Amino acid sequence: MIRRALVLLPGGELEVRDVEVQQGKITQVSPEISSPVAQEIDAAGLTLLPGVIDPQVHFREPGLEHKEDLFTASCACAKGGVTSFLEMPNTRPLTTSQAALNDKLHRAAEKCLVNHGFFIGATVDNLPDLRQANPTPGIKIFMGSMQGALLVDQEAALEAIFAEGSRLIAVHAEDQARIAERRQQFLGNKNPVVHSQIQDNQAALSATQLALRLSRKYQRRLHILHLSTAEEAELLRQEKPAWVTAEVTPQHLLLNTKAYETLGTLAQMNPPLRSPYDNEVLWQALLDGVIDFIATDHAPHTLAEKAQEYPQSPSGMPGVETSLPLMLTQAMQGRCTIAQVTKWMSTAVARAYGILNKGVIAPGYDADLVLVDLDTYRPVLRQELLTKCGWSPFEGWTLTGWPVLTIVGSQVVYERGKLYTDVRGRALRFEADAVGTPT
Ligand code: DOR
C-alpha cells in the first residue's frame, strides 16, 4: 500500500491518494483506504507516476557485455524509474531469428529486474523470421548508420519488407548513400563536430520520406525512431498518416552541436545531435502531438572506446538513468506538464505498441510505478551511475524528479539508493492490432 502520494490520475490531475497493489496489479486508488496491509509505504510529499516504458534501448547482451548487460542495464532502469523496455537487435549474434529472440527472452527472464521486450531485426533475407517472430514489439530496420547484415538501405529490399505482413516496422531513418558520399568529403577530419555535418539533416529527411512513402503505399504500421531534425518534424506536421508514430530522445531535445565543445566524442550518436533550432522545432512537435513519445536510445560504449579519435569512436550514449528526471525537470521549469511527461514516457508508448494494462494508475492496471521527489534538486554524478559504461552526457546537470522508489509488478525493485536484485520483470506481450496514433 502506498499512502498519501500525490498521484497522477488518468485524467491528468494530481491528487493525494492511497494506492493499493496486490499480485502485480493496482487494486484500489482512493483518498483513503482503510483495509490493513502487510507493507505500507508513506509517500507523503512524493509524486506517484506510472513506470516509464522506454521503447528504444541497446542493452548489448549477448555478445557485447563489456559495454552493458541485461542485469546492469535493468539495475540502471530500476534506478531511473524505467519499469519496461524495448530492446534493439544489434547484439552479437544479431536478433534476426526466433532462436536469437528466444535466447534474449531466456536471458532476460533470468536476470532482468524490469519488464522486457525485444525487436526482431530486418536483414535482406529474413522475411519469414520477420513475419513469424513472437513475442516482439515489431521489426527494426536500420536504413542507415549500420554495418553488416542489419543494414537494409536498398529501396527494393525495404519495399519487400513493407509489402509483407502487417506488424509494426520501426525505422532508423538515415540515408546511407548520402552518408557514405559525405564521409568522403570530410575524410581525415578528426573533429567530432563534423559527425553532424556528414550525417546531416538531409540524410535523415530523405530516409524518413522514403519510409513514409513505403508505409503509405502498403498502409503499413510505421514507427519513426529518434526523430532528430526540424525538417522531419515539419514533414510529419504536414502529412502524418494515422498509422504512423514517431519518437524523440531527451538528447535531441536538450543537447545540440554545441555539446561537442565540452563532451567531444561523448556527444557522438546516430542520428547526430542537431542545432538549437532543431531542438526548438522538435519540442514544439512533441507539445503539439506530432511526435508521440520519448525513447532514450540508451546505447552505452566504454569510456576507452569513446576516447578513440573520430571517426573510430563509436556512436551512442546511455540514457535510462536520467531520462525521467531530465523530463520532469523540464516540467518543473514550465516547459511542459507532469501529465505530458507521463503521456510521452508511459501511456502513449503502451498504446502505440499494444502493451495492455500499462501506463495508467487505475484499478486493473499493472502495478509498475515510480515515486519521484519533485522538491529536491541533485546533480547527475558519474560515481552514482549504474550503467556499466559509467558515464552520462548529462553529468553535472542539476535535476529534480529523481526516483525515490520504483515498483515492478507490485514489488519494490529500487528504494532510496538500494536495489532489490531478486525482483524479476516479465516478458511484455504486444497486442497486434493496437495501431494508430495515440491521443
Ligand atoms: O548512436 C547510436 N548508437 N545509434 C544507433 O542507432 C545505434 C547505437 C548503438 O548501438 O551503439
Side-chain angles (χ1 to χ4, degrees), residues 54 56-77 79-80 85 87-92 142 144-148 150-151 172 174 179 182-183 186-200 203 225-226 228 249-274 295-323 326 379-397 399:
D54 189 336
Q56 192 194 171
V57 299
H58 302 264
F59 283 172
R60 309 303 192 203
E61 181 174 348
L64 300 164
E65 289 93 342
H66 67 284
K67 298 174 196 275
E68 190 80 281
D69 62 56
L70 288 167
F71 177 72
T72 55
S74 68
C75 289
C77 283
K79 176 160 163 268
F85 65 79
E87 207 260 355
M88 288 297 162
N90 56 330
T91 39
R92 305 284 181 276
F142 284 92
S145 281
M146 184 45 67
Q147 290 159 353
L150 279 183
L151 176 66
H172 179 133
E174 286 191 276
I179 293 172
R182 291 178 68 75
R183 194 162 283 146
F186 289 87
L187 216 57
N189 195 327
K190 295 176 174 174
N191 187 340
V193 76
V194 301
H195 189 64
S196 297
Q197 296 161 33
I198 295 170
Q199 301 185 202
D200 66 351
L225 299 159
H226 42 37
S228 64
T249 69
Q251 304 87 287
H252 288 112
L253 292 171
L254 300 171
L255 299 177
N256 51 57
T257 49
K258 287 186 204 149
Y260 292 112
E261 290 166 22
T262 47
L263 296 175
T265 54
L266 296 184
Q268 180 191 332
M269 70 172 294
N270 298 331
L273 297 178
R274 310 295 187 188
T296 64
D297 192 17
H298 180 94
H301 299 283
T302 66
L303 281 166
E305 289 166 335
K306 280 294 216 179
Q308 295 169 88
E309 215 161 37
Y310 186 81
Q312 280 75 41
S313 45
S315 293
M317 42 180 94
V320 292
E321 271 164 279
T322 48
S323 57
L326 280 168
V380 178
L381 296 174
R382 180 172 287 195
Q383 61 269 27
E384 291 182 2
L385 295 170
L386 298 180
T387 171
K388 201 186 275 188
C389 74
W391 61 275
S392 161
F394 298 105
E395 280 168 48
W397 287 43
L399 305 177

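Bear in mind the structure is a predicted one, so any value in this text is a computation, not a measurement.
- Heavy atoms only, all atoms of each residue included: Thr322 and Ser392 are closest at CG2-OG, 4.1 Å.
- Summarising the geometry of Val320 relative to Thr296, their closest heavy-atom pair is CG1-OG1, 3.9 Å, with the distance given to 0.1 Å.
- Ring-plane geometry between His172 and His226 is classed as perpendicular, the angle between the planes exceeding 60 degrees on a 0 to 90 degree scale with a lower cut at 30.
- In terms of heavy atoms, His301 sits closest to Ser315 at NE2-O, 2.6 Å.
- Every residue two or more places apart in sequence or in another chain that forms a side-chain hydrogen bond (donor to acceptor under 3.5 Å, both in side chains) with Ser196 is listed here: Tyr260.
- The shortest distance between side-chain heavy atoms of Thr91 and Glu61 does not fall below 4.5 Å.
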Could you walk me through whether Trp397 and Leu254 pass the side-chain contact (heavy atoms from CB on, under 4.5 Å) check? CA-CA 11 Å; Trp397 287 43; Leu254 300 171; 4.0 Å; yes
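- Looking at every heavy atom in both residues, Gln197 comes nearest to Phe186 through OE1-CE2, 3.3 Å.
- Looking at residues two or more places apart in sequence or on another chain, you find a side chain to side chain contact (heavy atoms under 4.5 Å, CB included) between Pro393 and Leu255, Leu263, Met317, Pro318, Trp391.
- Side-chain atoms of Leu381 and Glu395, non-hydrogen and from C-beta on, never get closer than 4.5 Å to each other.
- A donor and an acceptor atom, one from each side chain of Asn270 and Gln199, are located under 3.5 Å apart.
- Checked against side-chain hydrogen bond (donor to acceptor under 3.5 Å, both in side chains), Gln308 has no partners two or more places apart in sequence or in another chain.
- Within 6.0 Å of the CD atom in Gln147, the count of heavy atoms belonging to other residues, nucleotides or ligands does not exceed 12.
- Of the candidates Lys306, Glu305, Gln268, Ser313 forms a side chain to side chain donor-acceptor pair (under 3.5 Å) with just one, namely Gln268.
- Separating the OG1 atom in Thr249 from the CG atom in Leu225 is a distance of 11.0 Å, to the nearest 0.5 Å.
- In terms of heavy-atom proximity, Val194 sits nearest to Tyr310 at CG2-CE2, 3.6 Å.
- Scanning for side-chain hydrogen bond (donor to acceptor under 3.5 Å, both in side chains) contacts around Glu68 gives Thr72, His298, Thr387, with sequence neighbours left out.
- Contact detail for Ala259 and Leu273: the closest heavy-atom pair is CB-CD1, 4.0 Å.
- Checked against side-chain hydrogen bond (donor to acceptor under 3.5 Å, both in side chains), Glu65 has no partners two or more places apart in sequence or in another chain.
- The side chain to side chain contact (heavy atoms under 4.5 Å, CB included) test with Arg60 singles out one residue from Asp69, Leu70, Asn90, and that residue is Asn90.
- Applying the salt bridge (charged side-chain N to carboxylate O under 4.0 Å, His left out) test to pairs two or more places apart or on separate chains, those with a residue in residues 307-320 are Lys190-Glu309.
- Put simply, the side chain of Pro272 reaches to within 4.5 Å of the side chain of Glu174, judged on heavy atoms.
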